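What follows is a set of notes on a single structure, which appears directly below.
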Amino acid sequence: MSNQSPSKQSYDVIIIGGAIMGASTAWFLSDNKDFDGSVLVVERDMTYENCSTTHTNSCMRQQFSTELNVRISQFAADFVKNIRSYMGGDDRVPELGIRSFGYMYFADNEGFADVLRESQKVQLAAGAATQLMTPDEIKTAYPFYNVDDIVLGSINLVDEGYWDGAAVNDWWRRQSRERGAEWIQNEIVAMTRNAAGNRVESVTLASGEVIACGQVVNASGPRAARTTQMAGIDVPVEPRKRYSWIFKAEQPLDQDLPLTIDPSGVHVRENGGGTYQCGGHSDYDPAVDFDDYAMDHSMWENHVWPILATRIPQFEAIKVQSEWGGHYAMNTFDHNAIMGPHTELSNFIFLNGFSGHGLQQSPAMGRGTAEWLTYGEYRALDLTPFNYERIPENRPIIEKAII
Ligand SMILES: NCCCC(=O)O
């Protein structure tokens, strides 16, 4: 599909990026009775072939180490389980659920076991159902694991597992469009500031049009820094390569496989029909080119499969069905969301740096961004700790549970 032109020369809100964060923001704006502005969503590739939303393993978890991240996931679970109701009872919207096989974190040393113990306290206090398991308890409940090196496991079987992120993305896009948001395939290639230099005045599209904006939202995923540079500002977000494999087991497990996080960082989950989805990355983890999705074919054979087959010996006999390379939008400052306005460019709103846990945060972060755009403040959930200003003020939010 070639570039499309917008119908107007000026919009109240221009959202750069139409994947899960941009779609969520557009939809929550369309759902807010106090917002009556115009919205343009500019997406560079409406096929979403290479975007992080498409490459995700589409899971959510309650097991975070900070209360705010747990609350954000709780809203995700509530939204997904009640999507039709949230979307006005529209009976075209599918009823969705969460396949709550849980995330199984393994600690192979007392240091990380302590992290799991401390995190469980935070999660329980916030209402999550995390259970700590000894190796014997793990072996009883999940006999297929090799736990010889494991000192502790942590799992939560409520609202934690697979959900259909693609369906949510599709419906946010579709319904926001029906309610008046304009979506085009095109690319922002430049931005201009006002004379005082404290606001973005307009964006320039690849097709040449210059479009005036009231507020602009950077929802451009791993390309976040490229977008901010057009406005003459920086954000510490880089594309980092993440590899995924779908494989079929010769003898599938006879129960659901939790999303299992091996101490090596390799993770694997149930995918249905005797297939499993696995993710991993190299220890050498530099920023990569925005368009580099090349697969490292040696990683499976030399690194990932041996780890898998050690942890789950039944996975010695498996066959890879598909594989791909994708990107995390990695926040190199503190691996957490970067939101809210720039400190000097007051109408430039960040929605960046989700570092691999963005899909599950998209309902709360899109809702919060729509509130910010409408009221200049967050209402349902106070997301100010994630605001951009923490970066120049050097106040990292340490989230210990990054996969
Ligand atoms: N990106 C790995 C799986 C999603 C998560 O962080 O929960």
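When a residue number appears, it is its place in the shown sequence, counting from 1. From a predicted model like this one, the values you see are computed outputs, not experimental measurements.
In this structure, Asp12 CG and Asp36 CG are separated by 7.5 Å, a value rounded to the nearest 0.5 Å. In this structure, CG in Asn3 is found 8.5 Å from CD in Glu209, a value given to the nearest 0.5 Å.
Under 4.0 Å is where a charged nitrogen must lie from a carboxylate oxygen, and between Lys121 and Glu118 at least one such pair does. Ion pairing between a basic and an acidic side chain is recognised when a charged N comes within 4.0 Å of a carboxylate O; Glu201 and Arg193 show no such pairing. A salt bridge links Lys241 with Asp292: the distance from a Lys NZ or Arg NE/NH1/NH2 to an Asp or Glu carboxylate oxygen falls below 4.0 Å. Salt bridge status for Asp90 with Arg174: absent, with no side-chain N to carboxylate O gap under 4.0 Å. Using a 4.0 Å cut-off between charged nitrogen and carboxylate oxygen, Arg395 and Asp334 do not count as a salt-bridge pair.
The aromatic rings of Phe144 and Tyr142 sit perpendicular, their planes meeting at an angle over 60°, well past the 30° parallel limit. Ring geometry for Phe79 against Trp27 counts as perpendicular: the plane angle is over 60°, on a 0 to 90° scale with 30° as the lower cut.
Shown here is Glu178, whose CD atom has more than 12 heavy atoms of other residues, nucleotides or ligands within 6.0 Å.
Between the side chains of Ser154 and Gln63, at least one donor N or O sits under 3.5 Å from an acceptor N or O. No hydrogens or angles considered: nothing links the side chains of Gln62 and Gln74 as a donor-acceptor pair under 3.5 Å. Judged purely by distance below 3.5 Å, without hydrogens or angles, the side chains of Glu182 and Tyr11 pair a donor atom with an acceptor atom. Between the side chains of Thr66 and Asn69, at least one donor N or O sits under 3.5 Å from an acceptor N or O. Between the side chains of Tyr86 and Asp78, at least one donor N or O lies within less than 3.5 Å of an accepting N or O. Judged purely by distance below 3.5 Å, without hydrogens or angles, the side chains of Asp34 and Thr374 never pair a donor atom with an acceptor atom. With hydrogens and angles left out, the side-chain atoms of Glu399 and Ser65 include a donor and acceptor closer than 3.5 Å.
When every heavy atom of Thr25 is checked against every heavy atom of Ala370, the shortest pair comes out as O-CB, 4.1 Å.
Residues Trp163 and Phe101 keep their aromatic ring centres 6.0 Å or farther apart. Aromatic rings of Phe350 and Trp372 (six-membered ring for Trp) have centroids beyond the 6.0 Å cut-off, not under it.
Side-chain contact between Arg311 and Pro263 is present, with at least one heavy-atom pair separated by less than 4.5 Å. Using a 4.5 Å heavy-atom threshold, the side chains of Asn218 and Phe348 count as touching. In this structure, Leu152 and Asp108 have side chains that are not in contact, with every pair of non-hydrogen atoms separated by 4.5 Å or more. Pro258 places none of its side-chain heavy atoms less than 4.5 Å from the side chain of Arg269.
With a 6.0 Å cutoff to the six-membered ring centre and a 45° limit on the axis angle, Arg99 does not count as a cation-pi contact of Tyr162. Within the cation-pi definition used here (under 6.0 Å to the ring centroid, within 45° of the axis), Arg367 qualifies as a partner of Phe75. By the 6.0 Å and 45° rule, Lys33 does not stack over the aromatic ring of Phe35. A cation-pi arrangement is present between Arg379 and Tyr375 under the rule of less than 6.0 angstrom and at most 45 degrees off the ring axis. For the pair Arg117 and Phe112, the NZ or CZ position fails the cation-pi test of under 6.0 Å to the six-membered ring centre and within 45 degrees of the ring normal.
For residues 252-290, the pairs satisfying ring pair (Phe, Tyr, Trp, His ring centres under 6.0 Å) are Phe247-Tyr276, Tyr276-Phe315, with sequence neighbours left out.
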